[in-house]
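What's counted below: heavy atoms across the whole structure, side chains too, no hydrogens, waters or symmetry copies. Read the numbers this way: they start at 1 and go in the same order the structure lists the ligands and their atoms.
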Amino acid sequence: MTRPLLTDAVTRLGTEGAFAVLARARELERRGRDVIHLEIGEPDFETPPHVAEAGIAAIRAGNTHYCQTAGLSELREAAAAYLSRTRGVSLGPESVVVANGAKPFLFFTVLATCGPGDEVIYPDPGFPIYESAIRFAGATPVPLPLHEGRGFSVDPSQLETLLNERTRLVILNSPENPTGGIIPAADLEQVAHAILRTPAWVLSDEVYARITYGRPAPSLASLPGLLERTILLDGFSKTYAMTGWRLGYAAVPEQLVDPLTRLIVNSTSCVPPFVQLAGVAALLGPQDAVDAMVAEFRARRDFLVPALNAIPGVSCVEPLGAFYAFPNIGSLPLSADEFADRLLGEAGVALLSGSAFGSHAPGHVRISYAASLESLERAVERIAGFVASL
Ligand code: PLP
């Protein structure tokens, strides 16, 4: 018998649907079609100029070599101060680990804490890399369904029923991708109580923490007893429109600092120091570009959600954070996959089927409103025309 060419682990890896749809949309454009891009989850703004300049100056000053794996002390200090201030916690630079984006932490946290026989609870619909990392590690994925009727928040009682002695890790994401949902403070307290009755770690993915339209999203790490077991994850991609710089960081419990640092030294060695110094400028410099970006996202949301709700057969819960809307198209005579597929092919609007985010929100699609108001207006017109043609 010949040996398989690939490992079981690698064949269990999932992917991000957004990249596949982007490739198809680009191919249509290459053939002359006009496509409105609402599929990709990245701010359509430039990195703030003072941040880009700091990166360029750092390159010119020779910060172009290997550096400390866990991160430059300037960035660990700035990130610790930022997280302490914005999340109402008290933590020092020794708790902070820096990596090439927030994404590696999803993988590395699961690899460091979970293996076969362990269960990991994660939100569904949710960022697809959670389930992929869990399966890769050989652990058992346990989806925690999010409910439209609760604004796509977690139901703490349901979480309680899923927690057991095999649960090693609970992943939470608030504000959430793909729904824009936020876990309210009262629910988060109940979640905290339930988790504290178990020995599970928590990965609190807060990469959209700065992009909220009402009250800030409360952080689980700020509740008593939780900081000690929470990987509090944030990054620069969304907040500072720095997706291509690949810079993220997490405040992690003491026992995890060394394992996560080892995973980084074994994979990427370190984040380029000039990228980290741009990150320091982002955290310590003026924040007006972030505020302006969030105000623009809010104006787009305030246009988009009522416009979607005005289309017969479409209903959309108002997202409270991030830059995604997750309309329900379940009453239309086609599946979400067919809807996304045909909308792109027939009307030139690229968005994602809810099936790219799990199996618990059939009949939904994700719209990223990281696109100009003018593009959104044209997209809504095309969606309304497409729906009317069904
Ligand atoms: N977590 C969530 C919920 C995301 O939506 C994303 C990116 O889309 C990430 C993490 C990864 O972000 P980064 O670019 O920092 O790796």
Inset, instruction - To the nearest 0.5 Å, tell me how far L28 CG sits from R26 CZ. - result: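 Nearest 0.5 Å value for the CG-CZ distance: 11.0 Å.
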Inset, instruction - Tell me who clusters with I56, hydrophobic residues only, linked when side chains sit under 4.5 Å apart either directly or through other members. - result: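 Via sub-4.5 Å side-chain contacts, I56 links to none.
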Can you pull every nitrogen or oxygen pair between ligand 1 and the protein closer than 3.5 angstrom?
unit_1	atom_1	unit_2	atom_2	d
ligand 1	1 (N)	D205	OD2	2.6
ligand 1	5 (O)	N177	ND2	2.8
ligand 1	5 (O)	Y208	OH	2.7
ligand 1	8 (O)	K238	NZ	2.6
ligand 1	14 (O)	S237	OG	2.6
ligand 1	14 (O)	R246	NH1	2.8
ligand 1	15 (O)	A102	N	2.7
ligand 1	15 (O)	S237	OG	3.3
ligand 1	16 (O)	A102	N	3.1
ligand 1	16 (O)	K103	N	2.9
ligand 1	16 (O)	R246	NH2	2.8

Inset, instruction - Mind running ring-ring contact (aromatic ring centres under 6.0 Å, His included) on F297 and Y213 for me, showing each step along the way? - result: CA-CA 9 Å; F297 283 146; Y213 309 114; 7.4 Å; no
Legend entry - Centroid-centroid under 6.0 Å between F152 and F326 rings: yes
Legend entry - Between Y208 and Y324, ring centroids under 6.0 Å: yes
Inset, instruction - Only one of P123, S153, P178 passes side chain to side chain contact (heavy atoms under 4.5 Å, CB included) with L146; say which it is. - result: P123
